[in-house]
A.B. asks: 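Take this structure first; my questions come after.
Within every chain, numbering begins at 1; the chains are lettered A, B, ... in the order of the sequence lines, protein sequences first and strands thereafter. Excluded from the calculations below are hydrogen atoms, water molecules and symmetry mates; all remaining heavy atoms, backbone and side chain alike, are included.
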Amino acid sequence: MKVRLPDGKELELPEGASGADAAAAIGPGLARAALAVRHDGQLRDLQATLADGTEIEILTDSAGDEALELIRHDAAHVLAEAVTELYPGVKVSIGPAIDGGFYYDFEFPEGTTISDEDLPAIQERMEEHMKAGEGFERRDVGTDEALEIFRAEGQDYKVELIEDLIRDEGVETVSLYRNGEFTDLCRGPHGPGTDRIGAVALQSVAGAYWRGDSDRTMLTRIYGTAFFDRKALEAELERLEQARARDHRRLGKELGLFEFSEVSPGSAFWLPKGTAIWNELVALSREMGEPRGYQEVKTPQLYDAELWKTSGHWEKYRENMFTTSTEEREFGLKPMNCPGHAHLFSSRRWSHRELPVRYSEPGLLHRNELSGTLHGLLRVRHFAQDDAHVFCTEEQVAEEVAACLEFAFATYGIFGFDVSIELSTRPEQRIGTDEMWDTAEKALTDALDAQGLEYTVNEGDGAFYGPKIDLHMTDSLGRSWQLGTVQLDYSMPERFDLAYTGADDREHRPVMIHRALMGSYERFIGILVEHYAGEFPVWLAPVQAVVLPISDRHADAAAAVRDELAGRGLRVQADLRSESVGRRIRENELQKIPYMLVVGDEEAGKGTVAVRRHGVGDVGEMAVGDFAARLEEESSTRRDLPVEAAG
RNA sequence: GCCGGAGUAGCUCAGCUGGUCAGAGCACCUGUCUUGUAAACAGGGGGUCGCCGGUUCGAAUCCGGCCUCCGGCUCCA
């Protein structure tokens, strides 16, 4: 028989030849490096027999992410093998490869708990199996036989998986993979053997619900990662260590940006330096919003429960709301600005000529998030969004959604963010008719397609009142967080009986677009801190420059420089402490302040400063006025100017 | 909320199996030094060892409950 190779050549093989045979026929080097074979587009074991006339490609350990994914999945099986040996009676569930590694979920016998301290022993056992070079043996069996095997072993989760496969997909056979004494239900493919997993590291243990369902058993998940060689593994562990240094919670404390306290869990206390960043972002939002037709409004924090009943929050969102009552009236603290804005819109009559109306508000919100979900600035209970609601006609929807996306990308461009786009569709808990959802989902899809944007679809992840386009960024450890969102809403206008008078002199229902671009200022700043590793561009830096007198007798000259710059609206301080210059430079460097301006005898007389740039060093002497102009330019353009180290 | 882990001076952390274990560095305060591009020197103050309860002659150390934080899960900006 013949198979075709990626370079177009044909390879003659005996009937019934496998991927391994094909690799061997091409060359011994490839045979050694081979991990799996792509056969008509599908990745299969090397042992799989090839069919005549098909196209094949041998996957080797130099195939990048795909190869890593394969051995990480292998490693998950070895993990399960080690755990079943070390903890008799353990029940296994599933263990896939994930971005950056793999995990396996187990149910340990009653009374056995696993912690990080148990990982080294498990890892050691895994390494023994890797050294032994056990093969991954595939066997296809009838579902009856598979059920019998796993029932006999008391592997209830596997039994459930097979039963579901039979029920949902009508399968009659399933594949089993055996490495050593461990047999797992698995679709495959797997590499040729455990010795191909070069190096493995178990990283953490965590709880995870069986099938991601919070009503079901909490399993114990063990996370790990694997690479082809120890060097790559260690580089990755080193990278993770480095990433921890960028953690916004750590930098926020070190740089004096914000604090958290037990007295208000999930709520940041913003220090002056963090507030300076916050204010710059709000200013940016206003500056960009104004020419785009946004008008800022201010609405209350607390609303009668009636308003939340009208909006649907009382029914669909109440468990996330903080409520209170006074004089026998019940109130809810706002978790969103939309009902307030809808109420505001309804307070007068509108002509179609006036639409779209775009109300923005950096409103303060409270959401009663589950305690276990709180996470620094990235997940809080009290936050503010760069929120706005656009009230427009049906005909204006496409243009307005497109304008929101333009605004969003213009904003991210300033920070050099590379966001990923997700379209979230109707959730189970929702208000509004299916027709409304059809219309809204189509409108968003059309807007994305019209701009040729790439996106993934999150079925069922929409807001309860409408579908949304979400814009995501990852933090220093690669966790994805939603920043911006553009949500289309046909329900709220109906619930609030919103109307405008059309050209036909009849009443029409406007459409509401909810949008936040940075998302919440809290989360955005958290991501920003990690993105810049605390080394903010000049326009965002809480302190843009610090003036350093060489000795006490230069204090007045230094203070004068500070006053002149601060008088021009720049965030400049003077470090007049009687500490050594080296000491003060060190401390201000650690604070990652963009500029230090040294003033001594040489400079004081001439009205200059010796400029030191963070991360660069001494960049030479400048007249105070020239430096001020530079700082002003960097602030107003929101772009740092290039610098070169002096001499 | 759920699973696992942690909680000692402002910060980072030491303190093994209960008995001078309440410590170190940095920070802070006082004094001296008056400084040229990443840490001057000396002295000093500071903690009911997260909170509540229990075991014990005796608890930072053991047990229970609660709070907060960390890693995940569920949920979400």
A.B. asks: Let me know the distance between CZ of A:Arg318 and C1' of B:rC75, rounded to the nearest Å.
C.D. replies: 19 Å
A.B. asks: Does a side-chain N-to-carboxylate-O contact under 4.0 Å join A:Glu160 and A:Arg216?
C.D. replies: yes
A.B. asks: Could you tell me whether A:Ile114 contacts a base, only the sugar-phosphate backbone, or nothing, with contacts defined as non-hydrogen atoms closer than 4.0 Å?
C.D. replies: sugar-phosphate
A.B. asks: Quick one about A:Tyr465 and A:Gln487 (side-chain donor to acceptor, distance below 3.5 Å, no hydrogens or angles considered), yes or no?
C.D. replies: yes
A.B. asks: Across the strands shown, which category fits A:Glu589 at heavy-atom distances under 4.0 angstrom: base, sugar-phosphate, nothing?
C.D. replies: base
A.B. asks: Which part of the nucleic acid, if any, lies within contact of A:Glu369, taking any heavy atom under 4.0 Å across all strands shown: a base, the sugar-phosphate backbone alone, or nothing?
C.D. replies: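 Counting heavy atoms under 4.0 Å across all strands, the contact made by A:Glu369 includes a base.
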A.B. asks: What interatomic distance, in whole Å, is found between C1' of B:rG58 and the corresponding atom of B:rC41?
C.D. replies: 44 Å
A.B. asks: Could you check whether A:Arg426 pairs with A:Glu459 (Lys NZ or Arg NE/NH1/NH2 to Asp/Glu carboxylate O, under 4.0 Å)?
C.D. replies: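 Here A:Arg426 does not pair with A:Glu459 in a salt bridge, since their nearest N and O are not under 4.0 Å apart.
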A.B. asks: If you look at every strand shown and take non-hydrogen atoms under 4.0 Å, does A:Leu483 touch a base, only sugar-phosphate, or nothing?
C.D. replies: sugar-phosphate
A.B. asks: Heavy atoms under 4.0 Å, any strand shown: does A:Arg584 hit a base, just sugar-phosphate, or nothing?
C.D. replies: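 Result for A:Arg584 = nothing.
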A.B. asks: For B:rG72, is there a stacking contact with A:Tyr223, counting only centres under 5.5 Å and planes under 30°?
C.D. replies: no
A.B. asks: Reckon A:Asp116 touches a base, only the sugar-phosphate, or nothing at all at heavy-atom distances under 4.0 Å?
C.D. replies: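 Nothing: the residue A:Asp116, judged by heavy atoms under 4.0 Å, touches no strand.
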A.B. asks: Can you tell whether the side chains of A:Lys334 and A:Glu361 come within less than 4.0 Å, N to carboxylate O?
C.D. replies: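 Here A:Lys334 pairs with A:Glu361 in a salt bridge, since their nearest N and O are under 4.0 Å apart.
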A.B. asks: Between A:Lys592 and A:Phe536 (side chain of the first, backbone of the second, donor and acceptor by atom type, cut-off under 3.5 Å), is there such a pair?
C.D. replies: no
A.B. asks: Looking only at atom P, what distance separates B:rA59 and B:rC13, rounded to whole Å?
C.D. replies: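 To the nearest whole Å, 28 Å.
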A.B. asks: A:Gln482 or A:Leu219: which one's nearest nucleotide on RNA chain B is closer to the 5' end?
C.D. replies: A:Leu219
A.B. asks: When all nucleic acid strands are considered with a 4.0 Å heavy-atom cut-off, which category describes A:Asp601: base, sugar-phosphate, or nothing?
C.D. replies: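 Base contact.
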A.B. asks: Pick the C1' atom in B:rU32 and in B:rG46, then give their distance to the nearest Å.
C.D. replies: 23 Å
A.B. asks: Which residue, A:Ile585 or A:Lys253, contacts RNA chain B at a nucleotide closer to its 5' end, judged by nearest heavy atom?
C.D. replies: A:Lys253
A.B. asks: Base, sugar-phosphate or nothing for A:Glu602? Non-hydrogen atoms, less than 4.0 Å.
C.D. replies: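 The answer is base, as A:Glu602 lies within the cut-off (heavy atoms under 4.0 Å) of a base atom.
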A.B. asks: Need one value for A:Ser214: base, sugar-phosphate or nothing, where a base atom within 4.0 Å counts as base even if backbone is also close, heavy atoms only.
C.D. replies: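 It contacts sugar-phosphate atoms only.
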A.B. asks: Which part of the nucleic acid does A:Gly212 contact within heavy-atom distance under 4.0 Å: base, sugar-phosphate only, or nothing?
C.D. replies: sugar-phosphate
